[in-house]
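Read the structure below first, then the notes.
Sequential numbering from 1 along the given sequence is applied to the chain's residues. Values in this document were obtained by computation on a predicted structure and should not be read as measured data.
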Amino acid sequence: MAAPLSDTPPSPLQTIAVVGLGTMGTGIAEVLARAGRQVVGIDISEAQAASCAAALDASTARAVQRGRLTEEERAGTLARLRTSTDLRAAADADLVIEVAPESYEVKHQIFRELDGIVRPETILATGTNALSVTRLAADSARPERVLGLHFFNPAPAMKLVEVVSSVLTAPAAVSAVTDLALDLGKEPVAVGDRPGFVADGLLFGYLNQAAAMYEAKYASREDIDAAMRLGCGLPMGPLALLDLIGIDTARTVLEAMYAESQDRLHAPAPILKQLSEAGLTGRKAGRGFYSYEAPGSATVVPDTLTPPEGGGLAGGRPVSSVGVAGSGTMASGIAEVFAKAGYTVVLAARSAEKAETAKARIGKSLARSVDKGRMTAEAAAETLERITPAGSYDAFAEVDLAVEAVAEDLEIKRQLFATLDKVCKPGAILATTTSSLPVVACARATSRPQDVIGMHFFNPAPAMKLVEVVRTVLTADDVHATVRAVCAKIRKHAVDCGDRAGFIVNALLFPYLNNAIKMVQDHYASLDDIDAAMKLGGGYPMGPFELLDVVGLDVSLAIEQVLHREFREPGLAPAPLLEHLVAAGCLGRKTGRGFREYARR
């Protein structure tokens with residue numbers, strides 16, 4: 001049984017030295033000082049040491065203004081920090097946290113000097129996220145006291161701390177720093193020693209693929225970033241995040257990951273090397289993937305790559321009536337979106353009964369919006385009135401835009417497009433909502449492939465702001481312009497991409513999910529630790545295993561198989577653990593069991 005709180009002995013780690021007072025070191029020093037620890041901040045630069053003290057002075061002053069600290073608490077916090085340019089100032093420390101630049105040479109030098117300075121029982125922690133903790137420990141006089149303690153930036157705000165053990169680390173050292181992290185109000189996650197650990201190990205592979213996608217001119221930087229923010233609920237797009245992290249830092253992490261994994265998905269995209277060597281390392285340089293107001297500024301300014309206002313698209317075709325094919329959740333959601341925007345909608349299914357059921361589903365959705373005060377009862381009634389259910393696609397004879405949302409099966413879609421080709425009037429635009437199948441294959445099933453385009457909505461369509469607009473090599477310019485204009489009218493954010501597997505979102509999301517499964521499969525980390533790491537360290541709204549169970553493991557496997565077939569990258573091969581779970585019928589929440597078990601409704 002755990003001891004009562006009052007009987008819990010104080011942490012033995014009371015005096016802590018932080019070596020390296022850049023942004024991360026300064027943040028860690030603040031966290032420690034505010035939590036009552038005696039902190040020695042050490043940096044070879046007097047200016048950097050002074051900057052650390054000034055930063056703590058400023059942040060605690062803001063905290064007093066906001067009522068989060070009293071003046072007395074602020075004075076105590078400031079008194080607990082002293083700075084030095086001499087590593088010997090760490091002599092009395094119980095723990096030393098090194099956050100020097102990501103260089104074995106630099107870190108080895110610090111650890112060798114510390115061996116001759118600190119007490120034998122002092123724990124030495126490296127803040128690396130890319131280099132081998134084992135390699136640093138092996139060169140230490142006492143490798144059993146060396147471990148990794150990886151905070152996330154900004155350290156005062158981010159809850160995650162990865163506690164990294166090597167095969168040489170003593171359990172007592174791990175226990176001591178884990179208890180410290182808890183005392184600091186952080187969420188410690190225990191991980192083994194491999195480049196990137198959990199959070200960065202998953203994050204940087206995703207960032208690398210986004211950089212490669214941009215380098216291939218598949219999509220603009222703005223569209224890639226908007227797609228991942230709006231399609232996945234991420235706080236930042238990948239290219240903006242690379243600029244924030246530092247493109248040179250990202251390249252270093254990826255080089256370390258690739259050296260270990262030999263997975264080509266971790267081989268740094270050439271553009272990362274080009275930008276790094278040109279000094280265009282992101283926000284800190286004032287320019288990276290984007291241009292900034294000044295070095296260190298977060299304010300993006302227009303440059304030669306910034307798209308023109310209004311998109312510069314040619315005129316499109318008039319659209320006043322829309323046909324939606326299908327009777328599932330996606331079809332009814334899309335029909336609701338168009339009807340809310342004032343379009344006349346024909347909702348057609350394989351039977352009149354299915355179409356009526358789909359319209360009834362929309363009625364319930366609109367009623368919920370009324371109950372929540374999002375629309376008036378009159379507006380809901382008018383919206384529902386605009387939707388006409390039909391049991392035959394012949395009802396699409398006069399629509400200006402036909403959007404299919406039927407089963408994700410290429411043969412079914414091809415047959416549907418052949419039917420739409422016959423029933424829809426000349427000049428009508430035919431759109432597919434496919435998330436993984438080639439749009440051009442649907443287009444070739446018609447006699448008018450120039451009129452066919454992809455409009456990939458995200459589920460639930462009424463709530464999700466993103467639509468991926470997918471042009472084939474045959475799509476006419478005015479069709480593309482029309483669909484962009486329609487997206488604006490239905491208040492969706494359109495992003496342009498080409499006709500290849502996964503488009504933007506799934507092409508970046510599912511390799512990341514697959515890599516998370518491989519971590520569990522390799523017994524590197526637990527489901528809970530990985531989910532916690534990505535939510536707390538990456539700001540993700542859901543952990544990868546929560547998301548996989550929501551999406552459905554069978555759906556996830558099908559998308560990963562499509563990506564693997566298209567790109568032929570060995571690293572994209574679906575993890576065997578995912579294949580085994582699907583074969584066993586464990587498909588996620590919908591079956592009551594996936595990576596986790598769920599209560600039956």
Side-chain angles (χ1 to χ4, degrees), residues 218-220 223 226-227 231 307 311-326 330-331 333-335 337-338 341 343 345-346 348 393 396 399-406 408 410 412-458 461 464-507:
Y218 174 68
S220 71
D223 280 355
L313 294 175
R317 305 177 187 180
V319 176
S320 60
S321 59
V322 177
V324 179
M330 181 59 84
I334 292 170
V337 167
F338 278 108
Y343 289 100
V345 178
V346 178
Y393 298 126
F396 285 179
V399 301
D400 303 307
L401 167 65
V403 182
E404 72 77 17
V406 300
E408 192 73 348
L410 185 56
I412 291 173
K413 289 186 188 292
R414 284 174 56 85
Q415 290 174 9
L416 175 57
F417 270 83
T419 300
L420 296 178
D421 187 33
K422 293 173 184 172
V423 303
C424 291
K425 66 186 180 183
I429 295 171
L430 312 180
T432 172
T433 61
T434 182
S435 62
S436 60
L437 301 173
V439 177
V440 75
C442 297
R444 292 295 301 278
T446 74
S447 63
R448 41 174 149 176
Q450 72 279 1
D451 292 341
V452 178
I453 195 167
M455 288 182 74
H456 179 212
F457 288 79
F458 287 74
M464 298 295 280
K465 291 291 185 185
L466 183 69
V467 174
E468 289 177 320
V469 177
V470 187
R471 292 189 69 163
T472 77
V473 292
L474 303 173
T475 305
D477 289 344
D478 67 336
V479 168
H480 174 238
T482 303
V483 167
R484 292 281 307 202
V486 166
C487 287
K489 186 171 178 182
I490 62 175
R491 297 184 178 180
K492 300 297 182 187
H493 186 108
V495 296
D496 287 325
C497 56
D499 185 20
R500 75 179 200 191
F503 309 136
I504 296 174
V505 173
N506 286 348

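Checked by atom type and distance alone, the side chain of Thr446 never pairs as donor or acceptor with a backbone atom of Asp421 at under 3.5 Å. Glu404 contributes no side-chain N or O that, together with a main-chain N or O of Lys413, makes up a donor-acceptor pair within less than 3.5 Å. Judged purely by atom type and a 3.5 angstrom limit, Glu468 has no side-chain atom pairing as donor or acceptor with the backbone of Asp496.
Here OH of Tyr393 is found 5.0 Å from CG of Leu416. Values are rounded to the nearest 0.5 Å.
Contacts of Asp223 classified as side chain to side chain donor-acceptor pair (under 3.5 Å), with partners at least two apart in sequence or in another chain: none.
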Next on the checklist: Arg471 vs Asp499, test: salt bridge (Lys or Arg N to Asp or Glu O under 4.0 Å). Steps then yes/no.
Outcome noted: CA-CA 6 Å; Arg471 292 189 69 163; Asp499 185 20; over 6 Å; no

Next on the checklist: Could you go through Asn506 and His456, starting from their C-alpha distance and side-chain angles, then the distance that decides it, and tell me whether this counts as side-chain hydrogen bond (donor to acceptor under 3.5 Å, both in side chains)?
Outcome noted: CA-CA 11 Å; Asn506 286 348; His456 179 212; 4.9 Å; no

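Contact annotation: the side chain of Tyr343 never approaches that of Ser321 to less than 4.5 Å [non-hydrogen atoms, C-beta and beyond]. Residues Leu430 and Arg448 have side chains in contact (heavy-atom distance under 4.5 Å, counting atoms from C-beta outward). Using a 4.5 Å cut-off on side-chain heavy atoms (C-beta onward), Phe338 and Val486 make contact.
Salt bridge status for Asp400 with Arg317: absent, with no side-chain N to carboxylate O gap under 4.0 Å.
No hydrogens or angles considered: nothing links the side chains of Gln450 and Thr475 as a donor-acceptor pair under 3.5 Å.
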Pair up each side-chain donor or acceptor in residues 488-495 with any protein partner under 3.5 Å, not counting sequence neighbours, and list the distances.
unit_1, atom_1, unit_2, atom_2, d
Lys492, NZ, Ala461, O, 2.6
Lys492, NZ, Met464, O, 2.7

